[in-house]
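Heads up: the structure comes next, in C-alpha cells.
Sequential numbering from 1 along the given sequence is applied to the chain's residues. Remember, it's a predicted structure, so these values are computed and weren't measured experimentally.
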Amino acid sequence: MNYLNSNSSSVPKDLVLLVVRVFIGFAMLSHGFPKLQMLIGGEKIEFFNFIGLGPQISLILTVFAEFVCSILLILGLFTRVSLGFLIFTMIMAAFVVHGADPFEKREMSLIYLSVYLLLMVFGAGKVSVDHMIEKRKRASDW
C-alpha cells in the first residue's frame, strides 16, 4: 500500500469514513437528544437565542441539526446537506454561544466542527446511502 498516494485503494478510506461518520453522529446525538427532550417536554424553553428568532426557534433549529442531521450523517443520507447544518450549528456554538468563554468551553464544538469540515471535503464514502443512490442513478442513465 502506498501511503503517500491518496489515489490508492479506497477501501480503507471508505471504512474510516464510515467509522468516523457513525462515531461522530452518535456522539452528537448524545447532545441533541436532551435538547429534543427539552423541546417536547412542555416546560418553559430557556435556550440561547443565537439568530434573533427567539429561543424556541433556535432550539428547534439546533435539535434539527444535532439530532435529525446526526441520524442522516450516520446513515450517509444527504450527508453534505446535513453537514452544512451541523457546521453552521458548531460555528454558532463555538463563536456566538461560547464566544466569550475560555477555550475549554469552545473546544468540543471546535473539534466537532473540524471533523464535520473533513467529512464535507471527503464525503460519505462508498458505505453510505448517498453512494447507493448515486450508483443506482448511474446505472439507470443507460
Spacing of [atom1] belonging to [X] relative to [atom2] belonging to [Y], to within rounding of 0.5 Å:
X    : Y    : atom1 : atom2 : value
S82  : L73  : OG    : CG    : 7.0 Å
M132 : L75  : CE    : CG    : 9.0 Å
F122 : R80  : CZ    : CZ    : 10.5 Å
L36  : E66  : CG    : CD    : 11.0 Å
I87  : S114 : CD1   : OG    : 10.0 Å
L53  : L59  : CG    : CG    : 13.0 Å

Tell me if the [atom1] atom of [X] is crowded by more than 12 foreign heavy atoms within 6.0 Å.
X    : atom1 : value
F78  : CZ    : no
E134 : CD    : yes
M120 : CE    : yes

If you group Ile, Leu, Val, Met, Phe, Trp and Tyr by side-chain heavy-atom gaps below 4.5 Å, do [X] and [Y] land in one group?
X    : Y    : result
L117 : F23  : no
F88  : V81  : yes
I74  : I133 : yes
V16  : Y112 : yes

Exercise. Any donor-acceptor pair under 3.5 Å linking the side chain of S128 with the backbone of H131?
Worked result: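 Yes.
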Problem set entry | Expected output: side-chain R21 to main-chain V127 donor-acceptor under 3.5 Å |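 Yes; at least one donor-acceptor contact below 3.5 Å.
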Problem set entry | Residue pair M28, Y116: steps toward the side chain to side chain contact (heavy atoms under 4.5 Å, CB included) verdict | CA-CA 11 Å; M28 183 51 71; Y116 292 150; 3.4 Å; yes
Exercise. Please walk me through it: do V68 and V63 pass side chain to side chain contact (heavy atoms under 4.5 Å, CB included)?
Worked result: CA-CA 7 Å; V68 176; V63 166; 5.6 Å; no
Problem set entry | Worked check of side chain to side chain contact (heavy atoms under 4.5 Å, CB included) between Q56 and K44 | CA-CA 9 Å; Q56 185 172 10; K44 185 176 187 286; over 6 Å; no
Problem set entry | Pair V20-V115, side chain to side chain contact (heavy atoms under 4.5 Å, CB included): steps then yes or no | CA-CA 8 Å; V20 170; V115 174; 3.7 Å; yes
Exercise. Angle class for the F85/F64 ring planes (parallel below 30°, perpendicular above 60°, tilted otherwise)?
Worked result: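 Geometry flag for F64 against F85: perpendicular rings.
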